[in-house]
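Numbers here simply count residues along the sequence, with the first being 1.
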Amino acid sequence: MGGGPGGLTLATLLQLRGVDVNVYERDLTKYARVQGSPLDLHEDSGLAALRKANLLDEFKNNFLPKADRKKLVNEQAEVLFSDHDVKVEENFGNPIFVQK
């Protein structure tokens, strides 16, 4: 498994069950490429996994607000699709990020 949020959460959960885990990351830095798959952060999936792995506080201190937003543009930079105005800004309980 990789060293991204999903891989590290899985590794932690496996370790909590006594499994010996190795995490491999092939990139030299987090800036080498667009990183892998994000966690699905719904209450009954990714957030539940973060809670079970005791990683929710660390997640709250490090998440990137609005990283789940999408915008598609054409060659003239005309917006073809955007969900920026319709998505609720989530702060995952971190008081530093106030919803607007």
Derivation and outcome, side-chain contact (heavy atoms from CB on, under 4.5 Å), residues Phe81 and Lys71: CA-CA 6 Å; Phe81 171 83; Lys71 186 178 282 190; over 6 Å; no
Derivation of the side-chain contact (heavy atoms from CB on, under 4.5 Å) call for Val73 and Leu80: CA-CA 5 Å; Val73 297; Leu80 303 175; 5.8 Å; no
Stepwise side-chain contact (heavy atoms from CB on, under 4.5 Å) check, Leu10 with Leu8: CA-CA 5 Å; Leu10 176 59; Leu8 293 175; over 6 Å; no
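Considering CG of Leu55 and CG of Asn61, their distance stands at 11.5 Å, rounded to 0.5 Å. Between atom CG of residue Leu13 and atom CG of residue Asn54 there is a gap of 9.0 Å, rounded to the nearest 0.5 Å. Put simply, OG1 on Thr9 and CG on Leu50 are 4.5 Å apart, with the number rounded to the nearest 0.5 Å. Distance check: Thr12 OG1 to Glu58 CD gives 10.5 Å after rounding to the nearest 0.5 Å.
For Ser45, the side chain to side chain donor-acceptor pair (under 3.5 Å) test picks out Asp40, with sequence neighbours left out. The side chain to side chain donor-acceptor pair (under 3.5 Å) test applied to Gln15 returns no partner, not counting sequence neighbours. The salt bridge (Lys or Arg N to Asp or Glu O under 4.0 Å) search around Glu78 returns none, not counting sequence neighbours.
Listed by first and then second residue, the salt bridge (charged side-chain N to carboxylate O under 4.0 Å, His left out) pairs that reach into residues 41-57 are Glu43-Arg51, sequence neighbours excluded.
Taking each heavy atom of Leu16 and Ala53 in turn, the nearest pair found is CD1-CA, 3.8 Å.
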